[in-house]
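Report on one structure; see the data block that follows.
Here is how names work: the chains are called A, B, and so on, in the same order as the sequence lines, proteins then strands, and each is numbered from 1. Small disclaimer: the values here were computed from a predicted structure and weren't measured.
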2 protein chains.
Amino acid sequence: MDRCATQCGLDVSLAVVGGKWKPLILYHLQSGPTRFSEIKRRIGGISEKVLIQQLRELVAMEVLVRHDHQQVPPVVHYTLTAFGETLVQALVPLCEWGTYNRARVADMLQRPSQKERDRGHAPARVAASD
Amino acid sequence: MDRCATQCGLDVSLAVVGGKWKPLILYHLQSGPTRFSEIKRRIGGISEKVLIQQLRELVAMEVLVRHDHQQVPPVVHYTLTAFGETLVQALVPLCEWGTYNRARVADMLQRPSQKERDRGHAPARVAASD
DNA sequence: GGTAGAACATACCAAAAGGTAAGTGTGAGT
DNA sequence: ACTCACACTTACCTTTTGGTATGTTCTACC
C-alpha cells in the first residue's frame, strides 16, 4: 500500500482483491446475496477457514456486507456493497483479459525452463514435453 | 490458475501481475525501454533479488522483453511487449479505481480492530453508498 | 591499488498466506 | 440417541513470498 506513495493505484486494488480466492468470491457474489455454505459450494476447493478469512477481509474493506439472520441453525448472507460493485466494474476488463488469454498464460506457466534459457547460453536440454 | 476451471479470468491476470512489485514495474515501464538500475531507482525500496525475480517472471510471461547489450559493464533494457501493453490497458480501470479510492482503502487498513468487533452485535455502519 | 557501479547469483531467514484437522452449539431429521 | 448441517473458531503445519547479506566479473575513476 504505502510502499509506493502516489503511484499507479494498482497496489490499492491488489490490497483489496489480492487474496487467492477473493476474485472468485466477488465473481460469485454478483448474483446477489449468497449464503456462506453456498459460496463455499460454488467455489469448491476452498477451506472454510480461508473462506471466512477472505470474506471478513472483504467485509472489513466494505466491499461486502455480512447479514446475520439471528437464527439458531445459523443463516448468514454476504452481499456486494455499492462500493464493492464499483470494484467489480473496475475488474471487468482485467477479467476479460484473463479469460481471453487463459490458454496462453496457462501454456507459459507450463514451461518454467524457458525463462532459464534467455541467459546467453543454452543448458543441456530442456524438457521437450513429449 | 487451474484452481477454478473456467471462471472469471481474474485468476489468470493475477497470476501474471500478482507479485508485490509487478504493477509498479509495469507502471514504470510504460515510458519505454528502461535499464535495470533505473527501474530499481524509480521504484525504491525493492531489493535487487526480488526485482530480478519479478522481471524474469514477467519476461517468462512475455509481458516484457529483456534486451542485453553485450557490454562489459552490463547494460540491460526491459521493454513492454505488445502483449504486455494489452495487459497494461486492461489494468487501467483498476488502476484508476485504486487511485480514486486510495484514501478510503488506506483508512480502512488502519483499523484492523473493526473487523474483529462485528461479531455478535450490529456492525457500526455499512458502506455509505457514495 | 582501492572503490564504485553495472546486472546479476546464491545462501539463508522471516513473515505471510494458505491448508488440515478438530471442535463448538443448536436444532431438525432418522 | 445419533447424525448431520450450519457458520464459524482454534491450533498447528507447509508453502510461498519477500528481504538481507554477500559474492562475482568487469571497467572506469581517483
**Request:** Could you please name the option among D/dT9, D/dA7, C/dA6 that lies closest to any side-chain atom of A/R66?
**Result:** D/dA7

**Asked** Looking only at heavy atoms, what is the nearest atom pair of B/G32 and B/T34, with distance?
**Response** O-OG1, 2.7 Å

**Request:** Could you tell me the separation between the CG atom of A/L51 and the P atom of C/dA17, rounded to a whole number of Å?
**Result:** 17 Å

**Request:** Heavy atoms only: give me the nearest B/F36-B/L55 pair and the separation to one decimal.
**Result:** CD1-CD1, 3.7 Å

**Asked** Whole Å only: how far is the CZ atom of A/F36 from the P atom of D/dA7?
**Response** 7 Å

**Message:** Taking 4.0 Å as the cut-off, does a side-chain nitrogen or oxygen of B/R35 come that near to OP1 or OP2 on C/dA7?
**Reply:** yes

**Asked** Checking B/T81 side chain against B/V65 main chain: does a donor-acceptor pair fall under 3.5 Å?
**Response** no

**Prompt:** Does B/Q53 have any side chain to side chain donor-acceptor pair (under 3.5 Å) partners at least two apart in sequence or in another chain, and if so, which?
**Reply:** none

**Message:** Could you check, using the six-membered ring where one of them is a Trp, whether A/W21 and A/Y27 have ring centers closer than 6.0 angstrom?
**Reply:** no

**Message:** Between B/R102 and A/D11, does any side-chain N to carboxylate O distance fall below 4.0 Å?
**Reply:** yes

**Prompt:** What string of B, S and - do you get for nucleotides 11-30 of chain D, 5' to 3', if B is base contact, S is sugar-phosphate-only contact and - is no contact with any protein heavy atom under 4.0 Å?
**Reply:** B------BBB-----SS---

**Request:** Starting from P on C/dA17, measure out to CG on B/L14 and report it in whole angstrom.
**Result:** 14 Å

**C/dA6 phosphate, OP1 or OP2, under 4.0 Å from B/R41 side-chain N/O** = yes

**Request:** For D/dA7, take OP1 and OP2 only and decide whether either is under 4.0 Å from a side-chain N or O of A/R56.
**Result:** no

**Item:** Distance, rounded to the nearest Å, where A/Q71 contributes CD and D/dA7 contributes P
**Value:** 10 Å

**Message:** Rounded to whole Å, please give me the gap between CG in B/D68 and C1' in C/dA7.
**Reply:** 9 Å

**Message:** Nearest whole Å is fine: how far is C/dA7 C1' from B/H77 NE2?
**Reply:** 12 Å

**Request:** Report the residues that fulfil side chain to side chain contact (heavy atoms under 4.5 Å, CB included) with B/V75, sequence neighbours left out, ordered by chain and then residue number.
**Result:** B/R35, B/H69, B/Q71, B/H77

**Request:** Whole angstrom is fine here: how far is it from CG in A/L55 over to P in C/dA17?
**Result:** 16 Å

**Item:** Separation of C/dG18 P from B/D11 CG (nearest whole Å)
**Value:** 14 Å

